[in-house]
Peer 1: 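I have a structure here, written as structure tokens, and I will follow up with some questions on it.
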Number of protein chains: 2
Amino acid sequence: MNLRELAKHLNLSQTTVSRALNGYPEVKEATRLRVEAAARQFNYTPNMRARGLATGRAMCIGHVMPISKKHEMVNPVFGDFITGASEAYVEAGYDLLLTLVPDAEEAHHYRNMKAKGNVDGIIVHGPLMADRRIALLQEIGLPFVVHGRASDMPADYAWLDMNNRRAFDRATELLIELGHRRIGLVNGLEHMDFAHRRREGFLAALMRHGLEVNPAHLRAGEMTEALGYGAASDMLKQPDPPTAFLSSSMVTAMGIWRALGDRGLRLGRDVSLITHDDDLGYLKNGHDVPTFTATRAPVRDMGRRAAEMLLEMIRDPSCGPLQTLMEAELILGRSTGPAPRE
Amino acid sequence: MNLRELAKHLNLSQTTVSRALNGYPEVKEATRLRVEAAARQFNYTPNMRARGLATGRAMCIGHVMPISKKHEMVNPVFGDFITGASEAYVEAGYDLLLTLVPDAEEAHHYRNMKAKGNVDGIIVHGPLMADRRIALLQEIGLPFVVHGRASDMPADYAWLDMNNRRAFDRATELLIELGHRRIGLVNGLEHMDFAHRRREGFLAALMRHGLEVNPAHLRAGEMTEALGYGAASDMLKQPDPPTAFLSSSMVTAMGIWRALGDRGLRLGRDVSLITHDDDLGYLKNGHDVPTFTATRAPVRDMGRRAAEMLLEMIRDPSCGPLQTLMEAELILGRSTGPAPRE
DNA sequence: GACGGAATTGAAAGCGCTTTGGGTGCACGC
DNA sequence: GCGTGCACCCAAAGCGCTTTCAATTCCGTC
């Protein structure tokens with residue numbers, strides 16, 4: 001059933017039917033009711049492609065995920081983020097188009113997004129420190145919001161980010177207050193912006209307290225369980241092993257934990273551990289009391305907020321690039337305790 | 001730049017330009033080259049909405065994920081599955097539309113998919129045992145492939161599934177051969193089809209070997225780390241604790257492992273564990289030697305295959321519903337060993 | 001040099017919707 | 001009786017593309 005048929009069936013023009021369904025005021029209330037009833041009866045839904053052609057709006061948001069060829073890994077955070085975003089889209093009547101781009105920097109993908117005309121705006125995932133996509137998108141003129149930031153780029157674009165720097169600074173500070181002097185950092189890949197900021201926060205806190213940075217206590221890689229296990233195992237073998245760890249993700253933290261187990265070290269007693277926790281649905285940090293002391297950021301909420309920002313920017317293009325910085329909570333779990341006496 | 005402008009610039013009709021770009025034979029080679037050069041120069045990409053309107057094909061596949069209100073959790077497998085599917089779409093020039101459906105309003109969402117006309121087919125995720133969506137989609141007449149199956153429905157639809165029953169049967173068999181007599185099953189929610197089949201496989205193997213089923217050794221829930229920890233802790237407290245566990249996911253297995261650690265039980269020595277492993281990018285099962293003995297199914301490949309099936313069905317609607325059953329590998333890791341002497 | 005068919009190209013219709021720019025009645029005031 | 005303003009409705013244009021049908025050109029042939 002399309003508009004023409006519906007109109008014919010009602011003995012009305014397409015114009016009137018269209019207006020009735022889209023809530024225009026110049027149609028008589030009785031007529032509107034008649035139209036709406038018929039639409040319901042025949043299960044009429046406007047064809048979005050046709051509507052899009054006519055209005056110029058696609059009613060669809062694109063999410064662009066870079067999948068690096070080298071590290072073929074889907075960010076586990078993605079599922080939860082997108083769930084949150086999806087809530088906002090459903091409410092606003094938008095669809096979600098997902099594009100996985102093999103190489104973060106393939107310009108033509110982004111250009112095509114605009115030309116193909118099937119999205120009104122996009123959300124950019126996984127920004128690098130110097131992410132050329134931002135300038136590209138500004139040039140293209142498609143509204144966008146970055147999930148995260150790109151430190152090396154001028155900041156006049158829309159983004160939603162967690163305060164990674166501060167979160168890791170605070171976490172480090174907490175460990176230092178507990179008496180830890182040798183702290184290992186197991187970070188994500190540091191050309192990713194979020195990882196870079198976390199490292200900065202970590203180093204800043206160390207420096208503020210006059211602590212040396214031991215390069216052997218810094219490790220970065222894809223945030224897998226294996227990374228945590230490997231990194232912690234290596235560091236613990238060294239002459240001056242860390243008495244505490246900072247980890248960039250829950251799975252990595254579990255790997256670290258396993259490495260402790262191998263050596264008979266007890267978490268929170270012999271060795272302390274703070275991890276970042278994205279509060280993912282399938283990876284809850286304990287039940288009543290959190291297993292890990294953690295910097296927690298509700299990724300799902302962030303997805304929703306980012307989506308709302310983008311929708312707002314589309315609704316009112318004059319509002320300029322919106323920016324949101326969210327603070328992570330520092331939640332106390334059972335993985336931290338005073339540094340052991342030497 | 002749109003087709004008309006491009007045509008004008010070339011002093012050609014839209015017809016010819018369109019044909020040149022779409023590889024129709026009736027256009028002179030010299031002209032085609034000229035057109036292609038101009039298209040590249042101006043970065044012309046056809047507007048998909050307009051093309052879709054004209055051709056009736058959306059060049060887009062919908063993925064529908066139910067998000068149950070009760071268990072607000074995104075299936076962690078989803079990211080990898082969709083990455084695989086995406087590969088196939090990119091090659092075929094398709095886009096991917098993601099819809100998260102809160103399962104209450106099911107029916108009208110699927111009906112709208114068809115009416116809105118922005119997808120040519122859909123992939124259905126998370127099938128339940130008696131999933132009404134299948135009959136609905138058949139009635140609607142939109143090509144679809146189910147990731148998994150629905151045991152209680154007639155099987156004349158397209159699906160791609162892992163042989164869950166056989167995988168868990170084999171895994172159980174292995175444990176029995178190792179001398180285990182009391183085996184705990186920590187499963188996913190059993191109204192989900194895959195979990196139901198795994199349970200069946202588990203029970204079949206027990207029965208075949210004349211082993212009693214202890215209801216206290218069966219547990220099902222959302223496959224979180226906490227589930228594994230809680231279930232294992234409970235079972236180990238009982239008078240006749242399991243000497244081996246079967247787990248439906250890696251994170252759950254890690255929870256079980258943690259519960260063992262709490263009690264000073266060593267994995268693979270004191271207690272054995274086999275888990276299902278979806279081979280996710282960020283949750284690798286060990287490095288050289290797998291940590292866990294596991295039934296492994298490459299979810300990403302499955303995504304690709306499912307997508308290819310759907311594209312084939314769209315290309316040739318007469319080919320009927322395709323079906324693919326994949327076998328999981330049973331890979332040996334360090335989490336299994338002979339049952340301890342009593 | 002005219003002719004038939006193959007090779008190229010174009011004009012125009014149409015996909016299903018929105019929206020512009022008129023109508024057509026009708027009530028009202030003069 | 002006539003203009004005015006309002007409330008309501010419609011015909012038709014147009015969004016950017018594909019595709020049908022027809023027109024034109026080109027060539028080898030007789």
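Naming convention: chains lettered A, B, ... in sequence-line order (proteins, then strands); numbering from 1 in each chain.
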Peer 1: Taking only N and O in the side chain of B:Ser18, is any of them less than 4.0 Å away from OP1 or OP2 of D:dT18?
Peer 2: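 The answer is yes; a side-chain N or O of B:Ser18 sits under 4.0 Å from OP1 or OP2.
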Peer 1: Between C:dT9, C:dG16, D:dG16, which nucleotide gets closest to the side-chain atoms of B:Ala54?
Peer 2: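 Of all the options, the side chain of B:Ala54 is nearest to D:dG16.
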Peer 1: By nearest atom, which of the nucleotides C:dT8, C:dT20, C:dC17 is closest to the A:Leu3 side chain?
Peer 2: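 Nearest listed nucleotide: C:dC17.
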Peer 1: Let me know, please, whether B:Thr16 or A:Arg51 comes out on the 5' side of the other along DNA chain C by nearest nucleotide.
Peer 2: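 Going by which nucleotide is closer to the 5' end, it is B:Thr16.
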Peer 1: In this structure, how many angstroms lie between the P atom of C:dC15 and the CG atom of B:Asp120, rounded?
Peer 2: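 It works out to 18 Å between those atoms.
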Peer 1: From CG of A:Asn11 over to C1' of D:dC9, roughly how many Å is that when rounded to an integer?
Peer 2: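 Those two atoms, CG and C1', are 13 Å apart.
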Peer 1: Within this structure, what is the NZ-to-P distance between A:Lys8 and D:dA11, rounded to whole angstrom?
Peer 2: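 It works out to 12 Å between those atoms.
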Peer 1: Within this structure, what is the CE-to-P distance between A:Met59 and C:dC17, rounded to whole angstrom?
Peer 2: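 It is 15 Å, rounded to the nearest whole Å.
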Peer 1: What's the CG-P distance between A:Leu12 and C:dG23, to the nearest Å?
Peer 2: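 Value for this atom pair: 20 Å.
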Peer 1: Of the nucleotides C:dC17, C:dC15, D:dC10, which has the atom closest to the A:Pro46 side chain?
Peer 2: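 For A:Pro46, the side-chain atoms sit closest to C:dC17.
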Peer 1: Using modelled atom types only, decide if a donor and an acceptor are shared between the side chain of B:Arg149 and the backbone of B:Asp193 within a distance under 3.5 Å.
Peer 2: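 Between the backbone of B:Asp193 and the side chain of B:Arg149 there is no qualifying donor-acceptor contact (under 3.5 Å).
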Peer 1: Does B:Glu308 pair with B:Arg304 as a salt bridge, N-O distance under 4.0 Å?
Peer 2: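 Salt bridge between B:Glu308 and B:Arg304, a charged N being under 4.0 Å from a carboxylate O: yes.
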Peer 1: Would you indicate which nucleotide in C:dC17, C:dG16, D:dC17 comes nearest to any side-chain atom of B:Leu53?
Peer 2: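 For the B:Leu53 side chain, the nearest candidate turns out to be C:dG16.
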Peer 1: Quick one: is D:dC9 close enough that its OP1 or OP2 comes under 4.0 Å of any side-chain N or O from A:Ser13?
Peer 2: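 It does not, given that no N or O in the side chain of A:Ser13 lies less than 4.0 Å from OP1 or OP2 of D:dC9.
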Peer 1: Taking atom types as they are modelled, would you say the side chain of A:Arg49 forms a donor-acceptor pair with the base of D:dG16 within the 3.5 Å cutoff?
Peer 2: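 No.
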Peer 1: Rounding to an integer number of Å, can you tell me how far B:Arg32 CZ sits from C:dA7 C1'?
Peer 2: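 The distance from CZ of B:Arg32 to C1' of C:dA7 comes to 13 Å, rounded to the nearest Å.
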Peer 1: Between A:Thr55 and D:dC15, is there a side-chain N or O to OP1/OP2 distance below 4.0 Å?
Peer 2: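 Looking at the OP1 and OP2 atoms of D:dC15, neither is under 4.0 Å from any side-chain N or O of A:Thr55.
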Peer 1: So, B:Asn22 and B:Arg51: side-chain donor and acceptor under 3.5 Å apart, yes or no?
Peer 2: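 Distance-only check passes for B:Asn22 and B:Arg51.
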Peer 1: Under 4.0 Å between a Lys/Arg side-chain N and an Asp/Glu carboxylate O for A:Asp278 and A:Arg300?
Peer 2: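 Looking at A:Arg300 together with A:Asp278, the answer is no, because their closest N to O distance does not fall below 4.0 Å.
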Peer 1: Return the value, rounded to whole Å, for the distance between atom CD of A:Gln14 and atom C1' of C:dG14.
Peer 2: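 Those two atoms, CD and C1', are 13 Å apart.
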Peer 1: Mapping A:Glu26 and A:Asn2 to their closest nucleotides on DNA chain C, which lands nearer the 5' end?
Peer 2: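 Upstream on the strand: A:Asn2.
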Peer 1: Please walk me through it: do A:His63 and A:Tyr89 pass ring pair (Phe, Tyr, Trp, His ring centres under 6.0 Å)?
Peer 2: CA-CA 12 Å; A:His63 279 241; A:Tyr89 298 148; 5.8 Å; yes
Peer 1: Look at A:Asn22 and C:dT18 and indicate whether a side-chain polar atom (N or O) is within less than 4.0 Å of OP1 or OP2.
Peer 2: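 Checking A:Asn22 against C:dT18: at least one side-chain N or O falls below 4.0 Å of OP1 or OP2.
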Peer 1: Would you indicate, yes or no, if C:dC17 has its OP1 or OP2 atom less than 4.0 angstrom from a side-chain nitrogen or oxygen of A:Tyr44?
Peer 2: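 For C:dC17, OP1/OP2 do have a side-chain N/O of A:Tyr44 under 4.0 Å.
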Peer 1: Please state whether the phosphate of C:dT19, meaning OP1 or OP2, lies under 4.0 angstrom from any side-chain nitrogen or oxygen of A:Tyr24.
Peer 2: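 For C:dT19, OP1 or OP2 has a side-chain N or O of A:Tyr24 closer than 4.0 Å.
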Peer 1: For A:His147, run the ring-ring contact (aromatic ring centres under 6.0 Å, His included) check against A:Phe194, A:Phe81, A:Phe78, A:Trp159 and tell me which one passes.
Peer 2: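 Result: among A:Phe194, A:Phe81, A:Phe78, A:Trp159, A:Phe81 is the only option passing the ring-ring contact (aromatic ring centres under 6.0 Å, His included) with A:His147.
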Peer 1: Please report, rounded to the nearest Å, how far the C1' atom of D:dA7 is from the CZ atom of A:Arg19.
Peer 2: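 Distance, rounded to whole Å: 12 Å.
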Peer 1: Base of C:dT19, side chain of A:Thr15 - is there a donor-acceptor contact under 3.5 Å?
Peer 2: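 In this structure, the two groups form a donor-acceptor pair.
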